[in-house]
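Whatever order the structure lists ligands and atoms in, that order sets their numbers, starting from 1. These numbers come from a predicted model, not from an experiment.
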Amino acid sequence: MLGLMQEWPLLCHKLIDNAERQHGLREIVSRSIEGPIVRTTYADIHRRALKVAQRLERDGYRLGDRIATLAWNTARHIEAWYGIMGIGAIYHTLNPRLFPEQIVWIMNHAEDKAIFVDLTFVPLLEKIAGAVKSLKQVIVLTDRAHMPRTTLPNVVAYEDWLNEADGDFAWKVFDEGTAAGMCYTSGTTGDPKGVVYSHRSNVLHAMIAAMPDAMGLSSRDTILPVVPMFHANAWGLGQSAPMVGAKLVMPGCKMDGASIYELLDTEKVTFSAAVPTVWMMLLQYLEETGNKLPYLNRVVIGGSSCPRAIMTKFQQNYDVQVIHAWGMTEMSPLGTLCTLKPEYAALQGEARLDIQQKQGYPPFGVEMKVTDDDNKAQPWDGKTFGRLKVRGPAVARAYYGGAGAEQFDEDGWFDTGDVAHIDAGGYMQITDRAKDVIKSGGEWISTIDLENLAVGHPDVAEAAAIGVQHSKWGERPLLVIVAKPGKEPTKADILDFMDGKVAKWWMPDDVAFVGEIPHTATGKIQKITLRKQFKDYRLPTD
Ligand code: AMP
């Protein structure tokens, strides 16, 4: 017997309908690319998204067409998303930090037909547009007054283009399994792989993210997504915020400490999300200026492991709760969040930080397990490492075009490529990427643990641990350090600081000091490049 409840497809434009109806006057504040702070509301966004949809349809775009965006977080970018999805077309966010050749490759692979582009990226697009065979139209996210002289073909200013529509349009209706968005993972090896979100997965992910023990979002929050919309959907905030009716503050292209602080303060932001490097810049700015964060209540930190020093500063100096989170583009992206179950809620000091250092536990809607190389599930004992595998309604079941099929098994588990352990309380801790882990004498050493420890040293700005060839052990850890400006720590300083805080055989065999550590387009340490750089390094122990 089937249930007798209504069919109500989970479609993304229902999120913006809800925001307009229930929270129409709630503000969306953007630092515009042109400069000034611009204020709109959910009612405005809704009205203009309908115009985007109407205009796209008039220009001939249809269900399933891929429409790229190369843009920062602004209200216009959000409108474009909802307008694109509202006709059943697919928003395809492009990461401008990728190499131009990679962007061309990705656009050709996705066969993007049109692109919404910010003024910042017009020069970049001018260089590559000719190489994208499918591209028919360019819409520059600005008005006529700010439209640059450009060599781009078939180009129009967004506001002019939008003005030709009256917004008298009804969203298209289609199956909730229809593709809504696309984002390519910036794989460190091989070609990028396309993740295709559906309307259903986006709506469910927005609910999962908003739940109290996940991000805990409500209409009383003011949310600043520093994490870009082109980095795994701004961690779902572009959908969760309208779902709950929260005020949104969009940072545009300025992510430095002073600019972020200005928005946090003037807009009374209660909730924000970003990668650790952004928070390091903010904390440094706060230390230099003596400014405080009276309104900010909690921050989600993920994308790479959150150093303990960041947590301590936020919580002790500014009374801001840190929620460490882990996820992936393939997971929409949330996988786990480190909020405290009641049995841990009363913990204080180091014991509390020991839990918060973990990446947390999955909300309802994400299942996880850790397996050995033979796919045998490992015990949840907080120490047995293995490959981290996940499944759920907002987790990819394939890549676009069938690439990377070996990462998906027949039972529906996706192999994340991360190495982790899970403790008896259900909390997961990432210890490495499978390809970065250091294998010393047949045992594994976690590079993340070594890095987290090293950045706790007051003179260290950034640290990366890599395996270097060793004739006896196979590999041994080398710690690569960038010192803070004006500081000159020695190898002995660093090793003395770490001594006793990790197992003896995990201690780095050597420390190398560099001016800079290479990063990927999503801000992660580029271990491949670093390993190449230190390929012929001779450890003093060898
Ligand atoms: P992306 O798809 O670009 O978001 O990258 C996902 C990858 O980032 C994951 O597979 C992890 O390796 C890494 N990652 C994300 N969050 C964390 C975290 N909190 N700690 C450690 N690694 C993380």
Would you say [X] and ligand 1 have an N/O pair spaced under 3.5 Å apart?
X      : answer
Ala325 : yes
Thr416 : no
Arg433 : yes

Assess [X] for proximity to ligand 1: is some non-hydrogen atom of it under 4.0 Å away?
X      : result
Thr185 : no
Ala232 : no
Pro333 : no

Could you check Ile28, Ile33, Leu141 and say which one makes a side-chain contact (heavy atoms from CB on, under 4.5 Å) with Thr74?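 For Thr74, the side-chain contact (heavy atoms from CB on, under 4.5 Å) test succeeds with only one of Ile28, Ile33, Leu141, which is Ile33.
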Identify the residue among Val203, Ile16, Leu217 that makes a side-chain contact (heavy atoms from CB on, under 4.5 Å) with Met243.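 Testing Met243 for a side-chain contact (heavy atoms from CB on, under 4.5 Å) against Val203, Ile16, Leu217 leaves exactly one candidate, Val203.
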Looking only at heavy atoms, what is the nearest atom pair of Pro225 and Asn73, with distance?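 The answer is O-ND2, 2.9 Å.
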Short N-O contact, Glu475 and Lys439, less than 4.0 angstrom: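 Looking at Lys439 together with Glu475, the answer is no, because their closest N to O distance does not fall below 4.0 Å.
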Test salt bridge (charged side-chain N to carboxylate O under 4.0 Å, His left out) applied to Asp354 - qualifying residues, sequence neighbours left out: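 In terms of salt bridge (charged side-chain N to carboxylate O under 4.0 Å, His left out), with neighbours along the sequence ignored, Asp354 is linked to Arg308.
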Report the residues that fulfil ring-ring contact (aromatic ring centres under 6.0 Å, His included) with Tyr537, sequence neighbours left out, ordered by chain and then residue number.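 If we apply the ring-ring contact (aromatic ring centres under 6.0 Å, His included) test to Tyr537, skipping adjacent residues, the hits are Phe534.
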Within reach of ligand 1, part of [X] (heavy-atom separation under 4.0 Å):
X      : value
Met328 : both
Thr329 : both
Cys306 : neither

